[in-house]
Amino acid sequence: MGLNEYIDIFLAVFTGFFSLIVVFGRNPVVCALSLLMSFIGFAGIFFQLGSVFLTTIQVLVYAGAIAILFIFVLMLINTSHYKYSQTKKSINPVLGTIFTFILLGGFTLVINNNIDYLNVDRLPTTSMKVLFVDLFNKYLLPFELATVLILVAIVASVVISNKRGEK
Amino acid sequence: MQGELIEILLKTAVVLGVPLGVIPLIVHVERRGAAFIQKRVGPNRVGLFGIFQPLADVVKFLFKEEVVPAHVLKPLYILAPILTLVMAILPFAGIPICEPFMLGARKVYPEIFRSDLGVFYVFATTALGSYGILIAGWASNNKYTLLGSIRACAQMISYELSLSITLVALFFLYGTVDLHEIVRQQNASFFGFLPTWGVFYQPVGCLLFLVAIFAESNRLPFDLAEGESELVAGYHLEYSSMKFALFFMAEYLHMIVLSALFVLLFFGGYNLLPGFGLIVDMIPQSLPLFQFLSLFFKVALMIWFFVWVRWSIPRFRYDQLMNLGWKRLLPLGIANLMVTVLYVYWKG
Amino acid sequence: MSLLPFLVLVIIGLTLGVLLLSISQILGEKQKNPRPHDIYESGMDPVGNALKRYDIKYFLTGILFLLFDVEIVFLFPWALTYKDSANKELMIAEFLFFMAILLVGYLYVLFSKSLKWDD
Amino acid sequence: MMEIYYYLAIFLFCLGLLGTLIKKDLISILLCVELMLSSVNLLFALFSKAIGVPDGQLQVFFVIIVAAAEAAIGLSLIITLFKKVKSGYSEDVLILSE
């Protein structure tokens, strides 16, 4: 149990703890902030797995842009009346939890059966260059389609945000 | 494990200790600089030339009563200054102060957190800087702080775009992310006397980066978040004594890191200044020290430039500031990238 | 390439912050009868609830920042692999196609006049 | 050595699913969907390491892009919805006719 395992365990507990707060938190802003901390935890895990470029994207896009957007929205929406939102009965708490536990059991079974195959590290550290060469040779079309997707997202969000009526 | 820990603590003492020690000096330079520009004297009572005035301020901050207003969300209110300080300290881990030197048989890298991330690490941690401000504005539960923190954050993220576009152009030219490699490529010289600094390859990119640095660190003429005239004091309105001092410290640390990154990318980082080359030839062991001194000197010049601009340019209105960010700098960044790429492709 | 230095630095930052705050808490003298502190509204009494809504342009800035940030994150890998890429013509073709789409999105945002802050 | 991350990824995915089911206000549901997407990213990275092919990490790159677009449009919908319906609870939104 060298230093690396301790860091692995610490990152796993860190991310798990903050994800629990995201799901069971009361105040939505506290949930958004703990989601940010779990994104940073994910970035640490990607770094431990040796993929450096994923750490950068995770911090720049997830922790640096999406989480800010959530906190902006929660600040913009007057959340003072959210306090009593918890009293309203949620749609399907019991059914949901039972289904999730069944799913969790199924997944753990799958992982347990072939943990020895999965646990071997066949790709120590992928340098950025190897990853990118693939990105521009094998995955050229998805790369260009992703830009079209972002263009659609830009147009859609601008149109949705300021409806003509409000102009 | 112990050896590694000692090495990390030693590096942190140098790379982090020097900026933390220099902050009172920068505060003093700012006050004397402002006085010099406005033809008045500035603080000169405490100690020689008022050099101990900032220390007196620190003591004042320590002894002031820690007032926690009743209406704030207490846990987040206390967390905000600490989180801002941590986010301001993190980028220092990626800043190299000198060349990797040989210690006995081992090659020692000067930066605290050595990884393949390089510039990405410094850029990503500065991108996280706006969370402390958001939490502070939200936790203070006050209309003006909330508005101030949202405006500060909107300004910081708009200028982060032009910062990253200039970074793309730089990576295109340097082809690598490792800061040591970038500084090594800036060591050669055009026609004998002019060093091949990034600024000569990317003059427009350098200007863009400079403007984005001013906006990222909320310095005048972009400090609308703390605009005394409209917003009383912006996001750190409900904070007093040491909590306010932490925000103050974080802002200066943020400024130092960004100017260090600026110097490393555009002005040849820790390459020796002309004079130092002779001394290093005599004492070869002193190369890291003099490289650190030349980096320190260049960052000090940048800090003086911050102070100089602060007291000579009026503050932007908020719509001018955002229009500049979105409608002037971003197209300039895109055009700069296009020209660089097409020029290199056409030439090479 | 372990994460230890980063964690050590985070711990140092946290201890520095907490240390300074606790020293100030200890040294700073306590007010005998702390008056209830109102919201600081430069002297006037606080008006209305603090968390009233703000209009949409801050939110739109956040969205456009996210989407353009993703576009620029595309460019980082492209810029890093150009130097030692096999055929440069393909890379330049990709770049021009990408920039065309980026410019279409950006010009649309400009001409839709949704980014106006002169309120 | 890596099995703790496998169990973490599954746990977080089910946690996100649970959150999506039991949370009441729209933004928290979006938060939990983002959590599920992140845990899928983690699994992609783990499998790419286990199989030894770097393509898995490229999938994470594309999943992050889709998650960014989804978060952007989802939040603009919520903002517009919130202005119209004046509350963020998922039940009130069901009656979209008025």
Side-chain angles (χ1 to χ4, degrees), chain A residues 2-4 6-8 10-11 40 44-45 47-48 50 52-53 55-57 60-61 64-66 68-73 75-81 125 128-137 140 143-144 146-162 166-167, chain C residues 1-4 6-7 10 49-87 90-91 93-95 97-106 108-116:
Chain A
L3 169 70
N4 242 339
Y6 284 126
I7 293 181
D8 285 350
F10 166 72
L11 281 176
I40 293 174
I45 295 175
F47 186 83
Q48 279 296 100
V52 170
F53 182 59
T55 321
T56 341
I57 318 175
L60 278 179
V61 174
I66 294 182
I68 282 192
L69 203 56
F70 276 114
I71 295 176
F72 259 29
V73 168
M75 281 189 178
L76 280 180
I77 290 181
N78 184 352
T79 54
S80 60
H81 69 279
T125 57
M128 287 210 221
K129 294 284 166 37
V130 164
L131 202 61
F132 297 158
V133 166
D134 262 358
L135 179 62
F136 289 106
N137 296 347
L140 181 57
F143 180 80
E144 301 305 343
T147 45
V148 176
L149 172 77
I150 295 294
L151 172 65
V152 166
I154 291 174
V155 172
S157 58
V158 167
V159 164
I160 293 170
S161 293
N162 47 14
E166 214 195 12
K167 184 61 75 189
Chain C
M1 242 228 326
S2 86
L3 209 58
L4 181 66
F6 180 79
L7 298 177
V10 168
N49 181 308
L51 306 181
K52 71 174 177 48
R53 261 181 344 106
Y54 295 90
D55 50 26
I56 198 142
K57 57 185 183 306
Y58 297 121
F59 166 73
L60 193 61
T61 327
I63 283 219
L64 291 177
F65 162 67
L66 165 62
L67 292 169
F68 282 112
D69 201 21
V70 167
E71 301 251 2
I72 290 172
V73 161
F74 281 162
L75 278 175
F76 282 142
W78 182 84
L80 287 169
T81 46
Y82 179 79
K83 253 194 174 164
D84 45 29
S85 65
N87 50 359
L90 176 67
M91 296 291 266
E94 280 161 34
F95 174 75
F97 181 80
F98 175 83
M99 288 310 269
I101 293 182
L102 181 81
L103 281 177
V104 164
Y106 183 67
Y108 173 78
V109 164
L110 278 186
F111 290 136
S112 74
K113 278 198 238 355
S114 53
L115 281 182
K116 48 179 176 26

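These numbers come from a predicted model, not from an experiment. All chains are named by letter (A, B, ...) in the order of the sequence lines, taking the proteins before the strands, and each is independently numbered beginning at 1.
- Looking at C:Phe68, only its side chain comes within 4.5 Å of chain A, counting heavy atoms on both sides.
- Annotation for C:Phe59 and A:Ser161: closest pair CE2-OG, 4.1 Å, computed over non-hydrogen atoms.
- Between A:Ile7 and C:Leu4, the shortest heavy-atom contact is CD1-N, 3.9 Å.
- To the nearest 0.5 angstrom, C:Ser2 atom OG is 7.5 Å from A:Phe47 atom CZ.
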Could you go through the side-chain contact (heavy atoms from CB on, under 4.5 Å) check for C:Phe65 and A:Leu69 one step at a time? CA-CA 9 Å; C:Phe65 162 67; A:Leu69 203 56; over 6 Å; no
side-chain contact (heavy atoms from CB on, under 4.5 Å) between A:Thr147 and C:Leu102: does it pass, once the steps are laid out? CA-CA 8 Å; A:Thr147 45; C:Leu102 181 81; over 6 Å; no
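- Going from atom CZ of C:Phe98 over to atom CD of A:Glu144 covers 8.0 Å, rounded to the nearest 0.5 Å.
- Atom CG of C:Leu3 and atom CD1 of A:Ile45 lie 10.5 Å apart (nearest 0.5 Å).
- Within the model, atoms CG of C:Leu90 and CG of A:Asn137 stand 7.5 Å from one another, a figure rounded to the nearest 0.5 Å.
- For A:Leu11, the part lying near chain C is the side chain, with the backbone staying farther off; criterion is any non-hydrogen pair under 4.5 Å.
- Interface remark: A:Val152 contributes no atoms to any contact with chain C (heavy atom separation under 4.5 Å).
- Interface remark: A:Ile154 contributes backbone and side-chain atoms alike to the contact with chain C (heavy atom separation under 4.5 Å).
- At a 4.5 Å heavy-atom cutoff, the contact between A:Phe72 and chain C is made by side-chain atoms alone.
- Rounding to the nearest 0.5 Å gives a distance of 9.5 Å between CG of C:Asp69 and CD1 of A:Ile68.
- When C:Leu64, C:Ile63, C:Leu60 are compared by the number of non-hydrogen pairs under 4.5 Å with chain A, C:Ile63 comes out ahead.
- Using a 4.5 Å heavy-atom cutoff, the side chains of A:Phe53 and C:Leu80 are not in contact.
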Take A:Phe10 and C:Leu7 through the test side-chain contact (heavy atoms from CB on, under 4.5 Å) and record every step on the way to the result. CA-CA 10 Å; A:Phe10 166 72; C:Leu7 298 177; 3.9 Å; yes
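- For A:Leu151 against C:Val104, the heavy-atom pair with the smallest separation is CD1-CG1, 3.9 Å.
- The structure places CG of C:Asp84 at 11.5 Å from CZ of A:Phe132, a figure rounded to the nearest 0.5 Å.
- If you tally non-hydrogen atom pairs under 4.5 Å between each of C:Gly105, C:Pro77, C:Ser85 and chain A, the highest count goes to C:Pro77.
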